[in-house]
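Every chain is numbered from 1, with letters handed out A, B, ... down the list of sequences. Keep in mind the model is a prediction, meaning the values are calculated, not measured.
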Number of protein chains: 2
Amino acid sequence: MTGRAEALPALAEVFRAHGYEGASLALISRATGLGKGSLYNLFPGGKAEMASCVLEEIDNWFEHNLYAPLRQAERPAEAVSAMFDAVEAYFRSGRRVCLVGIVALSSERDRFGEAVRSYFARWVAALTEALQRSGRDAAASAALAEEIVIQIQGAIVLARALDDPTVYTRAMTALKARTAAG
Amino acid sequence: MTGRAEALPALAEVFRAHGYEGASLALISRATGLGKGSLYNLFPGGKAEMASCVLEEIDNWFEHNLYAPLRQAERPAEAVSAMFDAVEAYFRSGRRVCLVGIVALSSERDRFGEAVRSYFARWVAALTEALQRSGRDAAASAALAEEIVIQIQGAIVLARALDDPTVYTRAMTALKARTAAG
DNA sequence: CCAAGTTTGTACCGATCGGTACAAACTTGG
DNA sequence: CCAAGTTTGTACCGATCGGTACAAACTTGG
């Protein structure tokens, strides 16, 4: 038996590469190496369930690797810095796209609206908390947290559009410097 | 005769709302009020040609209303400020999505890669020029120009994800202030 | 080792996809 | 006003869509 967990990474890549509508069952089947029978055995709810599970797994990954450390760090400034590194590695400097961001921009936002909202709201909240605990006042922390998430998402867009990952790294270097200084 | 020009706004909205793959000819036909006969009469190249034309029209709009003014402004600082206002109105504070950004994130980037690249490259270049002529050095101008485009794209993503246009206006207010100050 | 349960591949479903063919309905020029 | 050219709606094309049915192939427990 191959469980859902084993199929999710390949599934995620298909959705990332082709979007929800563009990810046909034929592509999904090829990418996962699973026939339709197996896919519908693992995900009785079909494509919608596959996408839900992928979003959930991504959410879990971010919660565990980024949000929780930000909230609980003893040295919050270091946690923020570690987040920048983890995010850069995860999105491969903009070569890899943010699936949750794509869903937010697409017409599937309504279908997965709450998952998308929660992912970004918790990101901003965790970052706000870390920034505040590292010595900023509440308003400045909230503003900077929002700006950081915005710049990450925007840098992915621009780096991909210009097909130039240095756009991503350059923006993040400047942003990290401002975050450390502020 | 209804020309291409009259059909383009409705076409653009369909592509914005559903992406390239999700924009079926049935949706396009409904949105434009044109039957297949008319659509293929206007756009013999089918969906690909429709999308090309839409991207070209968007490009023309940005070139004429944003890039050219930025490059030619006698008072470049005012041109930058006017750009912020025009962009906020165009994207309706993030309620409306950037079609070129969406294409950049999708698998259609390869099909329309050069159009996407050029749109963003010229945006950054025009902004760099205006910032430089308003008294910044070359390096600082280039960095800030890139950051502005990044924040615009990111703010659209986050505002839509959180379903909260104030995210967009808030980010832009802070960015405008920094741009004016710098 | 075999029976019961699970997983898998294949064939098939109706619906819809993008695109074509083409006659009927219009518009236009003389 | 009519002939020539243009535009339009409709019917249709094969391909693919997401999803279902189900028998054959496997796995597992006793």
TODO: Report the C-alpha distance between A:Val100 and A:Asp59 in whole Å, list the side-chain angles of each, state the deciding distance to 0.1 Å, and finish with yes or no for side-chain contact (heavy atoms from CB on, under 4.5 Å).
DONE: CA-CA 9 Å; A:Val100 193; A:Asp59 191 282; over 6 Å; no

Open item on the list: I want to check a possible cation-pi pair here: A:Arg96 against A:Tyr90, using under 6.0 Å from ring centre and within 45° of the ring axis as the test.
Closed with: yes

Open item on the list: With a sphere of 6.0 Å drawn around CD of A:Glu74, does it hold more than 12 non-hydrogen atoms of other residues, nucleotides or ligands?
Closed with: no

Open item on the list: Could you tell me how far apart B:Arg4 (CZ) and D:dT7 (P) are, to the nearest whole angstrom?
Closed with: 12 Å

- [ ] In sequence, state the C-alpha distance, the side-chain angles, and the governing distance for B:Cys53 and B:Glu57, and then conclude on side-chain contact (heavy atoms from CB on, under 4.5 Å).
- [x] CA-CA 6 Å; B:Cys53 287; B:Glu57 205 209 22; over 6 Å; no

- [ ] Write down the distance between CG (B:Leu27) and P (C:dG19), rounded to a whole number of angstrom.
- [x] 15 Å

Open item on the list: Output the rounded distance in Å from CD (A:Glu21) to C1' (D:dC17).
Closed with: 11 Å

- [ ] Just need the stems in DNA chain C: three or more back-to-back Watson-Crick or G-U pairs, each with both distances under 3.5 angstrom, sorted by first number.
- [x] C:1-30 with D:1-30

Open item on the list: Can you see if the side chain of A:Ser24 gets near the phosphate of D:dC17 - specifically, an N or O under 4.0 Å from OP1 or OP2?
Closed with: yes

- [ ] Can you tell me the distance, in whole Å, between the CD1 atom of B:Ile28 and the P atom of C:dG18?
- [x] 7 Å

- [ ] Kindly indicate whether the side chain of B:Lys36 and the base of C:dG19 share any N or O donor-acceptor pair separated by less than 3.5 Å?
- [x] yes

Task: Phosphate contact (D:dT7 OP1 or OP2) by B:Ser38 side-chain N/O below 4.0 Å - done: no

- [ ] Would you mind telling me which residue lines up with the more 5' stretch of DNA chain D, B:Gly37 or A:Ala23, judged by nearest nucleotide?
- [x] B:Gly37

Open item on the list: What is the distance, to the nearest angstrom, from the CG atom on A:Leu39 to the P atom on C:dT8?
Closed with: 10 Å

Task: Rounded distance (Å) that lies between atom P of D:dG19 and atom CG of A:Leu25 - done: 6 Å

Task: Rounded distance (Å) that lies between atom P of D:dG18 and atom NZ of A:Lys47 - done: 4 Å

Open item on the list: side-chain contact (heavy atoms from CB on, under 4.5 Å) for B:Tyr119 and B:Leu99? Distances and angles first, verdict last.
Closed with: CA-CA 11 Å; B:Tyr119 167 91; B:Leu99 183 56; over 6 Å; no

TODO: Would you kindly give the CG-to-P distance between B:Asn41 and D:dT6, to the nearest whole Å?
DONE: 10 Å

Open item on the list: Can you identify which nucleotide, out of D:dC17, D:dG9, C:dG18, has its nearest atom closest to the B:Tyr40 side chain?
Closed with: C:dG18

Task: Counterpart residues, side chain to side chain contact (heavy atoms under 4.5 Å, CB included), relative to B:Ser93 (two or more places apart) - done: B:Glu88, B:Arg95, B:Pro165, B:Tyr168, B:Thr169

Open item on the list: Taking B:Asp85 first and then B:Lys176, would you say they form a salt bridge - that is, a charged N and a carboxylate O separated by under 4.0 Å?
Closed with: yes

